[in-house]
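Please read the structure below before turning to the comments.
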Amino acid sequence: MSSTITVRVPAKVNVQLAVGGRRADGFHGLASVFFAVGLYDEVTVTPADRLSVSVAGPDAAAVPADRSNLAARAAVLLGSRYGITPQVHLHIDKGIPVAGGMAGGSADAAAALVGCDALWGTGADPAVLAELAAELGSDVPFGLLGGVALGEGRGEVLSPVPTGGSFHWVFAVADGGLSTPAVYGECDRLRDLDGGSADTDLPVPAADPVLLEALRTGDATALGAALSNDLQPAALSLRPALAATLRAGADAGAIGTLVSGSGPTCAFLVKDAASAAALATTLTASGTCRTALPAAGPVPGATVLN
Ligand code: ATP
């Protein structure tokens, strides 16, 4: 058994995020189509005297380097399931924007589950890992699975979605993050203002068949037209400057634009890799974001590299 395990794990964008009413448990019913893209974190797990965390990357200062880190919580949870004291050092190399609506913390938790399982030789059944992942957070099971998947319930009940070929994206990273609970709160507030009730007046959301067909056939133009995110008005309300970012991408020829999850990262679909490289350069120069990164997908979920 290797004494160090490195796991690579991708970011996600929700190509559809349909948000239903607030449930009695405080969560929202969701129909969420997760799409894993080639922007990665790497989590390296090494035996140590006690549980510790370090973080590298441009946003490292915004990530807790203690037991509150979602990766550390994942190591503790897996250990408690198998009666193992989690004596590991977790090093997180962050390429996924922090608090960016791309589920970076959830990805690290999925990577830590896979990495500790490999290091400890626990050989956890995928169903057990998925159950522990759902306990850690709604987006964590998708970090294990990757590809494209429909998430129902609070987003954690996953079914794989077939796709035909690769799609090309650009992600405009903002300065500073947005809090996911704050964005859901703003979504409820806007819905209440609108005369409805965020609790009761909304149907249980469902996946859009037009979007699923575009994914299945690999039709980027149809996918671009079908992208949707019910959290986008709330993210724009909390961060009005994102309207200029979205406009800059649309003006530069993106075939689909949307806020990624709870934002503030903005996602742009383009037709090929060359268009992605060109749009990333244009957006970075536009001054409407901190940086813009091209990435293709779908890609696999958390994967051991060594
Ligand atoms: P989501 O899309 O799932 O709502 P997000 O991408 O918007 O998530 P994250 O990057 O997961 O947001 O981080 C949200 C907060 O969680 C951060 O501000 C940070 O304080 C905390 N956090 C805990 N562990 C991690 C981690 N491993 N990586 C990033 N943030 C973490």
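Note that ligands are numbered from 1 as they come in the structure, with each ligand's atoms numbered from 1 the same way.
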Does any non-hydrogen side-chain atom of [Y] lie less than 4.5 Å from one of [X]?
| X | Y | value |
| --- | --- | --- |
| Pro10 | Val37 | no |
| Leu51 | Gln87 | no |
| Val161 | Arg216 | no |
| Phe171 | Leu39 | yes |
| Val53 | Asp66 | no |
| Arg81 | Leu132 | yes |

Just jot down the ligand 1 atoms closer than 4.0 angstrom to any heavy atom of [X], in number order.
| X | value |
| --- | --- |
| Gly100 | 5 (P), 6 (O), 7 (O) |
| Asp108 | 26 (C), 27 (N), 28 (N) |
| Lys94 | 28 (N), 29 (C) |
| Ala62 | 19 (C), 20 (O) |
| Lys12 | 2 (O) |

Rounded to the nearest 0.5 Å, how far does CG of Leu150 lie from CG of Leu211?
->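 Separation between the atoms: 10.0 Å.
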
Minimum heavy-atom distance between Cys116 and Thr122, given as atom pair plus value =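 Looking at all heavy atoms of both residues, the shortest contact is O-OG1, 4.4 Å.
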
For [atom], find the nearest protein heavy atom and state the residue, atom name and distance (0.1 Å precision).
| atom | value |
| --- | --- |
| atom 4 (O) of ligand 1 | Thr180 OG1, 2.6 Å |
| atom 3 (O) of ligand 1 | Asp139 OD2, 2.7 Å |
| atom 6 (O) of ligand 1 | Ala103 N, 2.8 Å |
| atom 21 (C) of ligand 1 | Pro64 CD, 4.1 Å |
| atom 13 (O) of ligand 1 | Ala99 N, 3.7 Å |
| atom 17 (C) of ligand 1 | Val98 CG1, 4.1 Å |

Salt bridge (Lys or Arg N to Asp or Glu O under 4.0 Å) between Asp59 and Arg290, intermediate numbers included = CA-CA 12 Å; Asp59 292 337; Arg290 186 174 82 195; 3.1 Å; yes

Polar atom proximity, Met102 to ligand 1 (N or O, under 3.5 Å) |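 Min N/O separation from ligand 1 is below 3.5 Å for Met102.
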
Backbone of Ala278 reached by a side-chain donor or acceptor of Thr282 within 3.5 Å |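 Yes.
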
Would you say Gly177 contacts ligand 1, with heavy atoms under 4.0 Å as the rule?
->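 For ligand 1, residue contact (heavy atoms, under 4.0 Å) with Gly177 is absent.
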
Give a yes/no verdict on whether any heavy atom in Arg73 is under 4.0 Å from an atom of ligand 1.
->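 The answer is no, since Arg73 has no heavy atom less than 4.0 Å from ligand 1.
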
Heavy atom of protein closer than 4.0 angstrom to atom 28 (N) of ligand 1 =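 When distances to the protein are checked, atom 28 (N) of ligand 1 has a heavy atom within 4.0 Å.
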
Considering only protein heavy atoms, determine whether one is less than 4.0 Å from atom 15 (C) of ligand 1.
->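 So far as the 4.0 Å threshold goes, atom 15 (C) of ligand 1 is out of reach of every protein heavy atom.
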
Output yes when Asp230 and Arg191 qualify as a salt bridge under the 4.0 Å nitrogen-oxygen rule, no when they do not.
->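 Salt bridge between Asp230 and Arg191, a charged N being under 4.0 Å from a carboxylate O: yes.
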
Taking NZ, NE, NH1 and NH2 as the nitrogens, is one of them in Lys94 or Asp41 under 4.0 Å from a carboxylate oxygen of the other?
->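 Salt bridge between Lys94 and Asp41, a charged N being under 4.0 Å from a carboxylate O: yes.
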
With a 4.0 Å heavy-atom cut-off (strictly under), which part of Asn69 contacts ligand 1: side chain, backbone, both or neither?
->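 Both of them.
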
Under a 4.0 Å heavy-atom limit, does Leu70 contact ligand 1 with its side chain, its backbone, both, or neither?
->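 For Leu70, backbone and side-chain atoms both sit under 4.0 Å from ligand 1.
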
Heavy-atom nearest option to atom 11 (O) of ligand 1, drawn from Ser262, Ala109, Gly105 |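 Among Ser262, Ala109, Gly105, the closest heavy atom to atom 11 (O) of ligand 1 belongs to Gly105.
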
Candidate with minimal heavy-atom separation from atom 5 (P) of ligand 1, of Gly57, Pro264, Gly101 =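 Minimum heavy-atom distance to atom 5 (P) of ligand 1 goes to Gly101.
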
